[in-house]
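Letters A, B, ... mirror the listed sequences (proteins, then strands); counts begin at 1. These values consider heavy atoms only, across backbone and side chains, with no hydrogens, waters or symmetry-generated copies.
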Amino acid sequence: MLKRLRKKPLSLIGLGLIVFFALVALLAPLLAPMAPNARDPYLIPQDGYTSDPTPPSSKHWFGTTEQQYDLYYGIIWGTRTAFKIGLTIISMALLVGITLGSLAGYYGGWLDEVLMRFTDIILAFPAIVLAVVIVAVLGPSLSMVVLAIALVAWPSYARLLRADILSVKQREFVMASRALGATDFWILTRRVIPNAIFPVLVVASLDIGSVVITAAALSFLGLGAPMGYADWGQLISLSRNWILGTPQNPLQFWYTAVIPGGTIFLFVLGWNLLGDAFRDILDPRQK
Amino acid sequence: MASYLIRRLAMLPFVALGVTLLLFALLQLLSPEMRASLYVKDPRQLSALESVIETYHLRDPFPVQYWTWLKQILVGDLGYSETARMPVAEAIKAFFPATFELALTAFVPTLLVGIWLGTKAAVYQDRPLDHFSRFIAITGYSLPSFVLGLLLLMIFYGRFNILPPGRFSLEADLFIHSANFTPFTGFLLLDSLLNGKLWIFWDALKHLILPAATLFYNSVALLTRITRSSMLEEIHKDYVRTARAKGVEESDVINKHARKNALIPVITSSSLLLVGLLGGVVITETIFNYPGIGRWGVNAAQQLDIAGIMGFALVSATLFVLGNLAADLLYAFVDPRVRLK
């Protein structure tokens, strides 16, 4: 598989971008050390309380947002937030999706029917709409955003796994295990799931990019991270009041939108470039 | 076709039941006092909160509550939205045409450009046009609408001051709500022409371009990619080779033979496109301060306007389910293999 990835230069750029962001997330305490008296590293330090953003300077490499939050610090620690959010959402959604999808696929019957109709109902909403509703009801915060997106994301994984299990459970080695007297639980966890899970894992891990966009969108809408938290969506929303510059310099506050926007773009681009390559590899029609 | 149609339509009541059950169950997390706005027509009724709670069985077991509420919404009583300052049913009527107009303004160019670019990209595979289409697709996926929207506003509103946010200018707003203007359809582009007011048409168009362009860019990527891969699959099939071998013109081979079959998955994916537009509308309307369903829903969510949130969720789910239904029926209509199954 790695060999085939190597043939696609774009996917390597994607991989490079993701590795770069992963390094930034890992090295965040070195790249943007927290202030000595700060308690939470995810809270962006403020340099005064002046309302106007200030442009990039030697003191603030990427400039500051309104209320003087340091953009550089926010971007660096926001990278950690993005990975944390993405990985948490995907693992939660996978856990639920794999459990319910394998039960539905393996046992079939009424259990399958009930579970699949339940996924139908969740998939009857545009994902972001249901996520907005869930966050509003549970109370806006970053952890509720994570929970809400996981709740709307699991059905597609459950369906994908179920479809794969339907074909795997007909194979000879499964029947052989059954003939040898293995329990359902053993067959399901040792034989069926390991042989059906690979596509789901690939699809899910490549969804990290789109999941991070959705979380950032909810933060942007004011339903996620609290003011001053290192989160890309939040940083973008802080630029909303600064679309208009002064008459002499209409694009005066460009950095408030371009820097966090560009960061999100590159992050998601990385995942999408990699995702494209994997989709071609997994797609049997394009050999 | 008839039996397929009936089977497909028979699913609708179950989906509707499931959707309302799910939403209503979610709201049970909130106190009866907060849910009272779901049942009133006028905010003054909320001063007698206890009597509203009593009348609509808000402290009774779930099935009783759900049944009471279901009877209400079936006759169109959806409660009072505090953020819209009007009953939910009226708010939907007021905001829906704006959203639909925006979605349609983005949808038509998406369809035309997506199919055109996707076909060309497949025909000229691995040539510059193909690379260009892939570039459009990959950036369209990766640039979130809230980033693109803000950058467009900075440039075309902040720098050049030609395409402002909102839905109309102050003068147009005053004129539209005066006695001289008849709102026939609620679509501003259409109404302005029907009223013979060209300046309102220009005004509305200027406000529509940026949000529609944002939606367009994000959704054209999807359509281009689907058309391209479907087209590539068809081009290499035997019947295309046969057509070429017997001397059919290349443009006819592409446009009449291959593309007709290649469009089948494109038609179904128009439901995916609708998802994109409906989801995208939530964010796009908020950025551009465009008074539609999406901005209303976000405001309601921010201020915990329960009736508003519920109305917004119900409208979105309804549109979404109908969109999927339309796609399935279209699919069955264009592909006989589906309806004979």
Side-chain angles (χ1 to χ4, degrees), chain A residues 10 117-118 120-130 132-140 209-210 212-214 216-218 220-223 233 236-237 239-240 242-245 250-254 256-258 260-262 264-273 275-276 283 285-286, chain B residues 11 14-19 21-23 26-27 29-30 134 137-139 141-148 150-151 153-155 157-161 165 229 232-233 274-276 278-283 286-287 294 297-298 300-302 304-306 309-310 312-313 316-317 319-321 324:
Chain A
L10 278 180
R117 291 300 78 76
F118 188 57
D120 278 347
I121 292 166
I122 294 184
L123 294 172
F125 291 91
I128 190 146
V129 170
L130 192 55
V132 164
V133 173
I134 293 175
V135 174
V137 171
L138 295 177
S210 68
V212 167
I213 285 201
T214 312
L218 290 173
F220 174 79
L221 297 175
L223 297 169
I236 289 267
S237 78
S239 78
R240 275 187 74 191
W242 306 98
I243 289 164
L244 294 177
L251 294 177
Q252 190 181 350
F253 302 114
W254 61 273
T256 57
V258 170
I264 298 185
F265 172 68
L266 289 177
F267 182 81
V268 180
L269 183 71
W271 287 102
N272 282 342
L273 286 175
D276 262 12
D283 187 355
R285 285 177 308 178
Q286 299 187 9
Chain B
M11 280 166 62
F14 294 101
V15 176
L17 199 70
V19 163
L21 259 175
L22 176 73
L23 286 176
L26 258 178
L27 291 197
L29 294 167
L30 300 168
R134 290 183 130 184
I138 202 86
T139 50
Y141 275 139
S142 311
L143 196 57
S145 52
F146 49 91
V147 175
L148 178 62
L150 277 180
L151 295 179
L153 264 184
M154 258 187 181
I155 296 167
Y157 177 54
R159 174 67 183 83
F160 295 110
N161 199 15
S229 70
L232 273 180
E233 206 183 327
L274 197 72
V275 186
L278 279 174
V281 138
V282 176
I283 295 159
T286 309
I287 300 169
V298 169
Q302 285 166 346
L304 212 58
D305 163 15
I306 294 302
I309 294 172
M310 197 67 155
F312 160 69
S316 309
L319 291 176
F320 195 44
V321 168
N324 273 317

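The distance from the CZ atom of A/Phe125 to the CG atom of B/Leu319 is 12.0 Å, given to the nearest 0.5 Å. Here the straight-line distance linking atom CG of A/Leu223 with atom CD1 of A/Ile134 works out to 12.0 Å at 0.5 Å rounding. The distance from atom OG of B/Ser316 to atom CG of A/Leu130, rounded to the nearest 0.5 Å, is 10.0 Å. Rounded to the nearest 0.5 Å, atoms CZ (B/Phe146) and CG (A/Leu218) are 9.0 Å apart. Taking CG from A/Asn272 and CZ from A/Phe267, the interatomic distance works out to 10.5 Å, rounded to the nearest 0.5 Å. Within the model, atoms CG of B/Leu150 and CZ of A/Phe220 stand 5.0 Å from one another, a figure rounded to the nearest 0.5 Å.
Contact of A/Leu221 with chain B is made through backbone and side chain together, with heavy-atom distances under 4.5 Å. With a 4.5 Å cut-off on non-hydrogen atoms, B/Leu304 touches chain A through its side chain but not through its backbone. The contact between B/Thr139 and chain A is made by backbone and side chain atoms together, counting heavy-atom distances below 4.5 Å. With a 4.5 Å cut-off on non-hydrogen atoms, B/Leu26 touches chain A through its backbone and its side chain both. Proximity to chain A involves both the backbone and the side chain of B/Leu143, based on heavy atoms less than 4.5 angstrom apart. When heavy atoms are compared at a cutoff of 4.5 Å, B/Val298 approaches chain A solely by way of its side chain, counted from C-beta outward. Contacts of B/Leu23 with chain A are made by side-chain atoms alone, with heavy-atom separations under 4.5 Å and no backbone atom involved. At a 4.5 Å heavy-atom cutoff, the contact between A/Leu251 and chain B is made by side-chain atoms alone. Looking at A/Leu138, the atoms closer than 4.5 Å to chain B (heavy atoms on both sides) all sit in the side chain, from C-beta outward.
More than 12 heavy atoms of other residues, nucleotides or ligands lie within 6.0 Å of CZ in A/Phe265, so this atom counts as buried by the packing criterion.
Interface summary for chain B: among A/Gly233, A/Ala217, A/Pro140, A/Gly270, the most heavy-atom pairs under 4.5 angstrom belong to A/Ala217. For chain A, the option among B/Leu21, B/Ile306, B/Leu148, B/Ile287 with the highest count of heavy-atom pairs below 4.5 Å is B/Ile287. Chain A forms more heavy-atom pairs under 4.5 Å with one residue of B/Ile138, B/Val321, B/Leu153 than with any other, namely B/Ile138. Ranking B/Leu17, B/Leu22, B/Asn161 against chain A, the residue ahead of the rest is B/Leu22, based on heavy-atom pairs under 4.5 Å. Ranked by heavy-atom pairs under 4.5 Å with chain A, the list B/Gly18, B/Ala300, B/Gly294 is led by B/Gly18. Heavy-atom pairs under 4.5 Å with chain B peak, among A/Ala216, A/Ser210, A/Ser237, A/Ser239, at A/Ala216.
A pairwise comparison of heavy atoms in B/Pro144 and A/Ile264 identifies CG-CG2, 3.6 Å as the closest pair. Shown here for B/Leu151 and A/Ala257, the closest heavy-atom pair between the two residues is CD2-CB, 4.2 Å.
Take A/Arg117 and apply the salt bridge (charged side-chain N to carboxylate O under 4.0 Å, His left out) test, not counting sequence neighbours, and it matches A/Glu113, A/Asp120.
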